[in-house]
**Q** 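Got a structure here, written out as structure tokens. Questions coming.
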Amino acid sequence: MKMKAAVMTGLGAPLEIQQVELAPPKANEVLVKIAATGVCHSDLNAVQDPSTPFPTILGHEGAGTVVEVGPNVRTVKPGDKVALSWVPYCGTCEFCVTGAIHLCESAFGPMFNGTLLDGTSRLSKDGLPLFHNSLLSTFAEYAVVPDMSCVKLPDAMPLAQASLIGCGVATGYGAAVNAAKVTPGSTVAVFGIGGVGVNAIQGARIAGASKIIACDMKPANLEIAKQFGATHTVNVSEGDAPELIRAITNGFGVHYAIDCSGHTAATTNAWNATRKGGTIVVVGAFHPEMLLSLPAGGFHRVGKVIKGSFYGDTQPYRDFPKIAELYMDGKFMLDELVISRVSLEEINQAFDSFHDCNCANVGRSVIDFQKEPVQNREYHPEFI
Ligand SMILES: NC(=O)c1ccc[n+]([C@@H]2O[C@H](COP(=O)([O-])OP(=O)(O)OC[C@H]3O[C@@H](n4cnc5c(N)ncnc54)[C@H](O)[C@@H]3O)[C@@H](O)[C@H]2O)c1
Ligand SMILES: [Zn+2]
Ligand SMILES: [Zn+2]
């Protein structure tokens, strides 16, 4: 079939709206009509990353409706509303069988090579193949994706909000709930209050943290963080952030620090702001040439754990429906994360907003193909 897509045609170049070809789904693949797709900072990273194979169709936060299923697909059927996960998993590799499905060995190769799981592409233009991105390529009217990327959601779930679950929401929520394993009454600092960090705040809130300290250098983002559950804010450009955080936490530092900034200076701050025995979870993606430096003195005495978290250690079939249910029950904020709804033709404006330091980036610009009526839930303030 022919469809409209935003194509990355060159390193650092604006995306081009083109007519491209999409082949039908093969075994274990699903054709999805994309209803909405969020523009993530990782898409901007991909445009600027020399290792991104192109021409490609980016986009890895999407939701839509199943149109057609290939052979062997048992998890979804035409008409189902789905949120897409960019980490499908095989269930049989060494990582899957030990519970780390977000690290599935079968998904990593195709993810970085720009294909689907069988090593080939369903996308082409003028007979020449286009690369997939994150096994999804949602900056297009339709996508052929692995069946394990399709997570069925309730019919009542609005799709713009659902599209955000698959990346920034799951990653941030999962960083707090799955990776840090925040416990009730504990203290948490989140560094980098963007589309991911704000959901780490929500995850920490839902896990029952007593103090949640939002840390960023953008006053507007810190202000917004309070609406999502931050109890305190620290502007990292206005003083020694670890010292300010220790002052809020009886001099000890937080139990958990979650770095969602993508900047190593924040990771060092996160380490220094964490108490003995605490846990630091790094979600931000660093540029490959960066080196992370942590204080060596006393390293052995403080018993801290620092870990990277890919996709918030998410298990999509467990976590996506749970987040959707929390949203429908008024306990998880998604409406406020849709900061603008744009057409596919306006996609480069959404990318530009990442460079605009005056543009609030707590949430996502969403490419809304269906122009569904805006639905906003009522929140129960007792949960927030
Ligand atoms: N681990 C994963 O699987 C995964 C998934 C999605 C995104 N990411 C990465 O997570 C990061 C966050 O993504 P996003 O979409 O929320 O980005 P974003 O640009 O919306 O937010 C990043 C925030 O960090 C703040 N910041 C920058 N330097 C800081 C510092 N030194 N201290 C505190 N705050 C600082 C910025 O002001 C900004 O508000 C990116 O690096 C992205 O590539 C990782
Ligand atoms: Zn993303
Ligand atoms: Zn696997």
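As the structure lists them, so they are numbered: ligands from 1, and atoms in each ligand from 1. In this text the structure is predicted, and so the values were computed from the model without any measurement.
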**Q** At less than 4.0 angstrom from any non-hydrogen atom of C167, what atoms of ligand 1 do you find?
**A**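 Contacts of ligand 1 toward C167, numbered from 1: 6 (C).
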**Q** Which bit of C260 is near ligand 1, meaning a heavy atom under 4.0 Å away: side chain, backbone, both or neither?
**A**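 For C260, only backbone atoms sit under 4.0 Å from ligand 1.
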**Q** Any N/O/S atom of H41 sitting less than 2.8 Å from the Zn ion (ligand 2), backbone or side chain?
**A**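 Checking the Zn ion (ligand 2) against H41, no N, O or S atom falls under 2.8 Å.
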**Q** Would you confirm whether the ring centroid of F332 sits within less than 6.0 angstrom of the ring centroid of F228?
**A**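 Distance test on ring centres: not under 6.0 Å, no.
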**Q** Could you see which bit of V196 sits under 4.0 Å from ligand 1, with heavy atoms only: side chain, backbone, both or neither?
**A**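 Under 4.0 Å from ligand 1, V196 contributes backbone and side-chain atoms.
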**Q** Please identify which atoms of ligand 1 are closer than 4.0 Å to at least one heavy atom of A266.
**A**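 Counting atoms of ligand 1 from 1, those under 4.0 Å from A266 are 30 (C), 31 (N), 32 (N).
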**Q** Taking only heavy atoms of C215 into account, list the atoms of ligand 1 that are under 4.0 Å away from them.
**A**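 With C215 as reference, the close atoms of ligand 1 come out as 33 (C), 34 (N).
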**Q** Below a 4.0 angstrom heavy-atom separation, can you tell me which part of V236, side chain or backbone, both or neither, approaches ligand 1?
**A**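 Within the 4.0 Å criterion, V236 contacts ligand 1 through side-chain atoms alone.
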**Q** So if I count the atoms of ligand 1 from 1 in the order they appear, which ones are less than 4.0 Å from some heavy atom of G195?
**A**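 Heavy-atom distances to G195 below 4.0 Å select 16 (O), 20 (O).
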**Q** Applying a 4.0 Å heavy-atom criterion (strictly less than), which segment of N269 is in contact with ligand 1: side chain, backbone, both, or neither?
**A**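 None of N269 does.
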**Q** Kindly say whether G59 contributes a backbone atom to a donor-acceptor pair with the side chain of T138 at under 3.5 angstrom?
**A**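 Answer holds: yes.
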**Q** Which ligand 1 atoms, with their elements, are less than 4.0 angstrom from a heavy-atom of R364?
**A**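 Here the atoms of ligand 1 in question are 15 (O).
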**Q** Measure the shortest side-chain to side-chain distance between Y173 and L326 over non-hydrogen atoms and say whether it is less than 4.5 angstrom.
**A**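 Yes, their side chains come closer than 4.5 Å.
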**Q** H41 versus ligand 1: do any nitrogen or oxygen atoms come within less than 3.5 Å of each other?
**A**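 Yes: some nitrogen or oxygen of H41 is under 3.5 Å from one in ligand 1.
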**Q** Could you tell me if any non-hydrogen atom of G168 lies under 4.0 Å from any atom of ligand 1?
**A**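 It does not; every heavy atom stays at 4.0 Å or beyond.
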**Q** Does K33 have any salt bridge (Lys or Arg N to Asp or Glu O under 4.0 Å) partners at least two apart in sequence or in another chain, and if so, which?
**A**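 Not a single residue meets the salt bridge (Lys or Arg N to Asp or Glu O under 4.0 Å) criterion with K33.
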**Q** Should the pair D80-K152 be classified as a salt bridge under the 4.0 Å nitrogen-to-oxygen rule?
**A**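 K152 and D80: salt-bridged.
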**Q** Less than 6.0 Å separating the ring centroids of W271 and F299?
**A**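 Centroid distance W271-F299: below 6.0 Å, so yes.
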**Q** For the side-chain hydrogen bond (donor to acceptor under 3.5 Å, both in side chains) test, which of E141, E21, Q19 pairs with K2?
**A**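 It is E21, the one option of E141, E21, Q19 that forms the side-chain hydrogen bond (donor to acceptor under 3.5 Å, both in side chains) with K2.
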**Q** Where does K218 meet ligand 1, judged by heavy-atom distances below 4.0 Å: at the side chain, the backbone, both, or neither?
**A**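 Side chain only.
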**Q** For F310, take its heavy atoms, then give the atoms of ligand 1 lying under 4.0 Å from any of them.
**A**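 Per the distance check, 3 (O).
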**Q** Once rounded to 10 degrees, what value does the angle at the Zn ion (ligand 2) take between SG (C40) and SG (C167)?
**A**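 The two atoms subtend 130° at the Zn ion (ligand 2).
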**Q** Which of the numbered atoms in ligand 1 are below 4.0 angstrom from a heavy atom of W86?
**A**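 What qualifies from ligand 1 is 3 (O).
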**Q** Would you call F191 and I258 a side-chain contact if the rule is heavy atoms closer than 4.5 Å?
**A**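 With C-beta onward as the side chain, the pair stays apart.
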**Q** What part of A241 sits under 4.0 Å from ligand 1 if we count only heavy atoms: the side chain, the backbone, both or neither?
**A**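 It is neither part, as no heavy atom is under 4.0 Å.
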**Q** Can you list the protein N, O or S atoms less than 2.8 Å from the Zn ion (ligand 3)?
**A**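 Those protein N, O or S atoms (cut-off: under 2.8 Å from the Zn ion (ligand 3)) are C90 SG, C93 SG, C96 SG, C104 SG.
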**Q** Within the 4.0 Å heavy-atom shell around N221, which atoms of ligand 1 are there?
**A**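 Those atoms are 39 (O).
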**Q** Is F252 atom CZ crowded by more than 12 heavy atoms from other residues, nucleotides or ligands, each under 6.0 Å away?
**A**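 Counting neighbours around CZ of F252, 12 or fewer heavy atoms of other residues, nucleotides or ligands fall under 6.0 Å, so no.
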**Q** Below a 4.0 angstrom heavy-atom separation, can you tell me which part of N45, side chain or backbone, both or neither, approaches ligand 1?
**A**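 Answer for N45: side chain.
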